[in-house]
Amino acid sequence: MTARHRSGRHFLQIPGPTNVPDRILRAMNRPTIDHRGPEFARLAAGILEDLRPIFGTRGPVVIYPSSGTGAWEAALVNTLSPGDRVLMAETGHFASLWCAMAGHLGLEVKMLPGDWRHGVDPERIEASLAEDRSRAIKAVCVVHNETSTGVTSRIPEIRRAIDRTGHPALFMVDVISSLASIDYRHDEWGVDVTVGGSQKGLMLPPGLGFNAVSDKALAAAKGGRMPKSYWDWQPMLGANAKGVFPYTPATNLLYGLRAALDMLQEQGLEEVFARHDRHAEATRRAVRGWGLELLCLDPREYSSSLTAVLVPEALDADALRAAILEGFDLSLGNGLGRLAGRVFRIGHLGDFNDLMLAGTLAGIEMGLKRAGHAAAASGVAAALAYLAAPDLVEAGRASAA
Ligand SMILES: Cc1ncc(COP(=O)(O)O)c(C=O)c1O
């Protein structure tokens, strides 16, 4: 059977991979160059420098030709030794996967259980570290923005909790779905390894993984005894200093990254964050207008890059998503792990504007109406009223200034 042509743009509103803007697509649509030649060295040097402010760091950022999962592994294997204890918090599906990975790698994980509706509780981190008098815990690893739940943990508060105990554990943070969309500061917040990926706020296709690395993490890496080769920071950092990589880099993705960095610089990160905050607020207003429940229970932890929505018992979230895809060519995120069938997730991050959000919310509202959800009428109206208010646009600009 031949695939059916659908006119107009597909709406890719899963919380990553996100829509790749034409400018980035065009930037990648060039012949691959010699990755050991002078042109590449100039490209790499510029990217390695300009990536730092995106992570809020003055230190090095390692770039892997990998998905985010690879960058998770790199963070662990570079800094730790077999049998080391790590403290993690079960905020959702991705925190659970990182925890499982640490176990597979031979680390001993203490996972603080969670209800998948809250972020990391700084007090519980503090209590666990305070109890650890022998300093057996070598790292605290948390997910900043839990993509399965739309909950953003309060990283500065977790840092302060660690500091109150005087515990020397490394602090590692996954920013895969918050990088370049939610305020994040690797240096200021005292993070040792920040784990990122290309396919969300950076507006690129999947395929690049990142580690931003503190001096303390670099020192820990000198004593780390986990087996590693591909992920080893040392050959990377050595080669990067000369504008090359120890193995073949993802050259065309790096062209795209160059364009993404230019676009983020032109818009300014503060404005990028304010835009995400505003779209997230409009989305929450729509959800309340539809009479549906946000999965995230604590307003201090609302995610600005995605919103997870609980559906009533009478609805199956996957059937609703399938009908919206079929009817309106709009992809929404599914419920992951224990949330399967119970939630849908609206991605509002990356290359996104008011009318894209309006279209997304309209598609959901029409899908809810078709599914017989009675209260579906006022969600889009509530969101549009918020987006249309000029004072909010000004407020967004002012907060960005
Ligand atoms: C928060 C978070 N961590 C880790 C991952 C895993 O990244 P990847 O699928 O690129 O390997 C994802 C993927 O969506 C994620 O959202």
Side-chain angles (χ1 to χ4, degrees), residues 12-20 55 62-77 86 88-105 109 111 114 116-120 140-155 158 172-182 184 186 191 193-212 230-231 250 253 256-257 260 276 280 295-296 301-308 331-337 339-340 343-350:
L12 180 68
Q13 295 319 136
I14 59 174
T18 61
N19 295 289
V20 180
F55 285 82
V62 174
I63 308 175
Y64 295 105
S66 78
S67 83
T69 302
W72 265 349
E73 181 161 339
L76 300 175
V77 297
V86 293
M88 294 181 154
E90 186 201 359
T91 46
H93 183 69
F94 290 103
S96 304
L97 287 179
W98 201 10
C99 172
M101 170 190 276
H104 297 152
L105 291 171
V109 188
M111 174 76 131
W116 292 38
R117 300 192 72 175
H118 291 88
V120 180
V140 176
C141 304
V142 301
V143 174
H144 181 210
N145 188 68
E146 183 43 86
T147 323
S148 61
T149 63
V151 175
T152 307
S153 287
R154 289 162 285 142
I155 301 302
I158 301 170
M172 307 203 200
V173 181
D174 166 340
V175 298
I176 287 175
S177 61
S178 53
L179 186 69
S181 45
I182 299 174
Y184 182 79
H186 174 95
V191 179
V193 187
T194 297
V195 178
S198 54
Q199 73 272 30
K200 305 200 189 233
L202 283 179
M203 309 173 285
L204 293 163
L208 296 178
F210 306 100
N211 279 177
Y230 183 81
W231 303 116
L253 279 172
L257 178 55
H276 283 80
L295 185 65
C296 179
E301 297 176 336
Y302 285 155
S303 168
S304 286
S305 57
L306 79 136
T307 301
S331 289
L332 297 167
N334 62 336
L336 293 168
L339 297 170
V343 306
F344 64 88
R345 294 172 299 142
I346 308 168
H348 33 72
L349 74 163

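The figures here come from the full heavy-atom set of this structure, side chains too, leaving out hydrogens, waters and symmetry mates. Quick caveat, the model's predicted, so the values are computed rather than measured. Just follow the structure's listing: the first ligand is 1, and inside any ligand the first atom is 1. Residue numbers count from 1 along this sequence.
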Open item on the list: Enumerate the side-chain hydrogen bond (donor to acceptor under 3.5 Å, both in side chains) contacts for residues 89-102, please, sequence neighbours excluded, ordered by first and then second residue.
Closed with: Glu90-Trp116, Glu90-Arg338, Thr91-Glu146
TODO: Starting from the C-alpha separation in whole Å, work towards a yes-or-no answer on side chain to side chain donor-acceptor pair (under 3.5 Å) for Tyr184 and Thr194.
DONE: CA-CA 10 Å; Tyr184 182 79; Thr194 297; 2.7 Å; yes
Open item on the list: According to side chain to side chain contact (heavy atoms under 4.5 Å, CB included), who are the partners of Asn19, at least two apart in sequence or on a separate chain?
Closed with: Leu12, Gln13, Met356
Open item on the list: Distance under 4.0 Å, heavy atoms only, partner ligand 1: which residues pass?
Closed with: Ser67, Gly68, Thr69, Trp72, Phe94, Val143, Asn145, Thr147, Asp174, Ile176, Gln199, Lys200
- [ ] Compare every heavy atom of Leu339 with every heavy atom of Leu295, then report the nearest pair and how far apart it is.
- [x] CD2-CD1, 3.6 Å
Task: Flag side-chain contact, heavy atom, 4.5 Å: Thr147 against Lys200 - done: yes
Open item on the list: If the condition is side chain to side chain contact (heavy atoms under 4.5 Å, CB included), which residues does Val77 pass it with, not counting sequence neighbours?
Closed with: Glu73, Leu105, Met226, Lys228, Trp231
